[in-house]
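First the proteins, then the strands, lettered A, B, ... as listed; each starts at 1. Predicted model only: the values in this text are computed from it and were never measured.
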Amino acid sequence: MSHRFRAWLVVALLLVTGPVGGAETVAAGALRLAVDPAGAITASAAGDPRLLRSAALHVYDGATKAAVALTPTGVKRAGEAVEAGYRGAAGLTIALSLRPMGRCVVWAITCRNGGPAERRLEVGPTLRLTRARVEHYCDGWDEFDAPASERSSTKLEGNFPLPGVWNKAAAVAVGLEPSALVSYLRHDYRPAGDDAWLAAVTRLAVRPGESVTVPFVTCAAPGEWGWYELLEAYYDSFPSWFVARDDVDPRATAGSAQYRAWPAGPWSREISRRLYGGWEWCYAPFRRTGDIVGRAELWDYQPVRPFGAPRGKPREEYLAWRRHAFAQGERGAGVAMMFYIPSQVWCEQRLATERYPDALTTDPKAKILFDTPWVTGHDDELRVFPYQTSFGEATYRDLGEVAEQLDLSGFAFDTAGDAVRYLGPALGKLDCRAWDDQVGVYCAESVAIARLMDYVHTLRKDGRTLAVVSNPMANGTYASCFRSDSAMLERNPWSHTRTESDRLRWKMGHKTLVWWEGYEVNDFIDPAHIRPEQLAGVYQGLADFTLLQSLRVGYIPTPNFTQGVARLVRWLPLIVECVRTGWQPVPAARVPPPLWSARYGRGLATILAVAHETGEPVDGEVAVENARLGDGAFLFSGHDGRAVSQRLAGGETRCALSVPVRTPVVLRAWLNVRPAAAVAAATVSAADGATAATLTAALTGRGETALTPRVPPGMRLDWARWNGAAVPLVPGEPPEVKITLAGAGRLECRFVSRTLKLTDEQLFDYPFVAAGAPGCAIVLEAADPESLRPTALSLQEYFRYWFGRAAQPAAEVLVPIVTSPSAAPRQVRLRLAAGASPTAALAGDDLVLEAGDAAALDDLVQALLRVLDRRYWTPDQFPGVAVREALARYDPEG
Amino acid sequence: MFHGVFVIMGRRPKPADREAGVGGRRSWQFARGEAGDNPQEVLVTRTLCWGLAALTLARTAIAAELSIAAEPPLPVANQVRNPGAENGRDLLPEDWSFTTARPDIYTTGWVDGGRSGKCLWAKCRTSEMSGYWSQSVPVTAGLKHRFSGWYRLASGRLMCYAHGRGTLPDGRTRTIDQRVYQGTMRGHWLAPVFLAPEALGGPDPALWYPFRIEVEVTEGFTSLTFSAGLYFQPGEVWFDDLFAGLARTTLLPVVKAGEGETLRRVVVRQAGVDKPLHDTRELPAGAREWHQRLADLPTDAVYEVEATLTDGRVVRQGYPTTEEARP
């Protein structure tokens, strides 16, 4: 633990204990609030007790344009919460509940309108700061050095809902609790004299007799990593909004197939699998925008522009085509098919006006009509509000219906990030309403989209929750991003600015993000004059930049970037592993400029990326702040097992790195050392095989220490040796090793696959195909052999692809699938055996793949294919012939 | 954008050239400006020697008279104040102001290095906001106006536009917003580490290029704002020699044969344009006078009338004829 971090924790502990002066206190993380009997709130942040001075409730009346004078009515403790009441004029009462949640304090503000007229209010917490202690401010989008004048931002579309300030010692923030749905959000930073005020406020339209509650948060954190400290505190406090749901199809957290499976082609399965395309953006699978089912009564109409294929087909023919297309993608290509909807905020013009007039969105500042080709291309489309309206009703019914008809894995929400104002007749039924002086009371579109996403998460397929993948853009609302299981940025890594992608990453937390678009090199070059080698250089440079940015901010590059580009396909497994492990806002790896660092995961799952974007190699030391990662200290090798030497001191693991040009250095945690002080220096390397792996750590230190190694996925720790002698494994998950260090020593750990009971050589040399012909047969051994056929097809397809597309000359090789022992010299036996653990083992010349059920056997085969990719590797083919060879060879690391 | 419009832009002799006496022999460079989506600007540059001193009469023996007038006369008045950005003080150009909603991402200046003397400069470090040098200029309703000038673009994307809101007698409002964009990938922030500069497309950052906007000014407008700046991309741009004024003129050429002479053919050309604006072909025998009204011609062009006498002799006249009239 660093001295700085330890000192910060001590201060935090001192501050969070005990009530002061009869006040009721509530503390969370580094924040402490105390409410005195008069309802006044004092506040402090550990790390810098002078930064944060007090807090207050902001209540403003939109009709009188004045702050509401509040009279306290009492303060009481309710369990771990503190509750305070206030009374305003004309029947308004405010109830405030302060409750710790993780590292945040949740402010549940309830406004009750006991008066006879609707109240237009503005409410939210306000923090009073010592102006001189504020060094930086972030309004949820932009970062500023201590603003000298007021900064106010109303970007509900865009802002992370947590404006914050910080200095080197501490950071504090105020904002919305993630579940809060609002139609208006303003972030204010207002310096005044020696003070500065930080506020997050929303506007509410409260009907007579109605109570409206909005949950806000305040939090405090260390200051070193500034804005990212606050993001970390927020993510830690509300993890379910920022990590992948475990009840959703895990393919939704991989990359996108990006139209390699929509529609499916002859090589879809392998291209998608090899390029980590887990889910597909099934674009506009309907004829008429707004009618996603394709109902008979809505089918025949006159489009503004001619129908294209296949939407011009007769209804039954079209619906059959659609069923086939979804089935081909799901079962043929193995991709989770996401049914595209424009977040149901667009509807074909006549359908909208004739059937759903109450749903029309009429925001005078918004684009509400597309009279140019948009969703389907042949329709003009009007903007609609899909919640508590006739169109909302139809939408909810339709989503359930197509999900069942097409056995969907989820929905793809396009145009998911907007918050235009709905002013229509359904307003009377809506909650989350706000007001402004231009249109009066309204409800933001983001409320309807969020509710639609919530509804999708109530739908099930095979016991799993349907997924929401979305396209919110960088300036999408927090509400959509927080509810998305994964999302695309419809940009490439260099669109607009280097850091546009960061804003979306903040809102997605640890969840999957993918780049969309592609290289679009014609934006850069003059196609008429560029030479092929120059063009290849442009692609290579953009691929390298994609690699760096993918690791910096955690995006998976999609097939438009990777297909045929050897460099990216080599790095893709690691990028995907990083993204699925979870981007961490605080890198906890100090590096000198121009180096930057990024972190994925914690503890032994930690992966660190270090790189720079200059034209010369950079030597520098990365200092990992161990306390951020877990107890003790962590030791690292290169991601590829390359030896890394490191020193441990002051709570840091310090590695000297030489970082090449356009190539990241990635470190993987391999050993956890407790206590950290036991080890002074180490050199760690790993040999990461397919069926077994070895960790070697040369350690220098003194004293008893417990060492916990990272166990590679799918493996178990087989044995450990200290200076050549076996040492006992202390059972645990993972097991640890206890040794006594007395100077230098050498630890070796051997890991073996839990499932692959054969050697790498046996696996890679297995003659699935020999001399251009099938060398085996795939035998289905189960009571219901057909239950294993999809798994067998994926194995068959693997070699059909390899010999038919990757190998030269191409040959059609179809390993036969049989349901009874064949005459083939070798057999790959897919076998179900009740209670059997998944295993792959040789039995004579046969390869036996066994599991207890079909799903487990399929998982085993998919894992096996990933392993076989080491032997049968290919980047596939780049679409552009002029640079195909150059990009297929582009692999500067050899 | 001005796709397919041939624009003639003369490069003015620098003051130093004049002092050296170079200006005595007029050598004009003409550029075909085609600022489209990705033009390698100025594809054709050629020297056209008008021999202005000799244009009034090819031979002193010829008595034929050529006269050219125009409505409005050329050159038309430039309504831009301080068009060459030569005047200013306290590091700011007179009559120009720079506006953006995000001044923190812009650096601007009144700097040396113009086409001649000073010029306007702007640099933006992010894509979050546009920013423009601008001034309001008077316009005449019912007439087409030209807003033009020269830019040098090191990186990013520029936008120049003429814009404003007018009010009709019944109180309704109308807007004008006519734009031209030009982007470049040269100087892109990915170069040179990730992209080789020589592989990138866009105008040469060392050269000046013309831009041009034509606006039909409708009822209700008495002025428009002329703005030139960077459009939502990090970049750097310079502007010089800006112009706002009437875009169209009507040319009124007259040719009269001298004593004993008759006219065979008259051709009117716009410099730099191959196809004649007007060609009489063979005139009726004995023709002694010819005149024509040629409407809707650009004001930023140079015209030539060429008369061929029956005996084969040729007389030419250029218009406008003074150096100051050159665009």
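Around CZ of A:R131, the count of heavy atoms belonging to other residues, nucleotides or ligands within 6.0 Å exceeds 12. Within a 6.0 Å sphere centred on CZ of B:R165, other residues, nucleotides and ligands contribute 12 heavy atoms or fewer. Summarising the local packing, CD of A:Q438 is surrounded by more than 12 heavy atoms from other residues, nucleotides or ligands at distances under 6.0 Å. Heavy-atom contacts from other residues, nucleotides or ligands closer than 6.0 Å to NZ of A:K367 number more than 12. For B:K118, the NZ atom counts as densely surrounded, since its 6.0 Å shell holds more than 12 non-hydrogen atoms of other residues, nucleotides or ligands.
The contact between A:D142 and chain B is made entirely by side chain atoms (from C-beta outward), counting heavy-atom distances below 4.5 Å. For a residue to count as touching a neighbouring chain, one of its non-hydrogen atoms must lie under 4.5 Å from one of that chain's; by this rule A:T614 touches chain B with the backbone only.
For the residue pair A:I530 and B:A199, the shortest heavy atom distance occurs at CD1-O, 3.6 Å. Nearest heavy atoms, B:S127 versus A:T497: OG-CG2, 3.1 Å.
Chain B forms the most heavy-atom pairs under 4.5 Å with one residue out of A:D523, A:V521, A:V661, A:L548, and that residue is A:D523. No other option in B:T126, B:L190, B:T184 has as many heavy-atom pairs under 4.5 Å with chain A as B:L190.
The pair A:K155-B:E128 does not meet the salt-bridge criterion, since no charged nitrogen lies less than 4.0 angstrom from a carboxylate oxygen.
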Could you tabulate the donor-acceptor pairs under 3.5 Å formed by side-chain atoms of residues 531-543 of chain A, not counting sequence neighbours?
from	atom 1	to	atom 2	distance (Å)
A:R531	NE	A:E533	OE2	2.8
A:Q534	OE1	A:R531	N	3.1

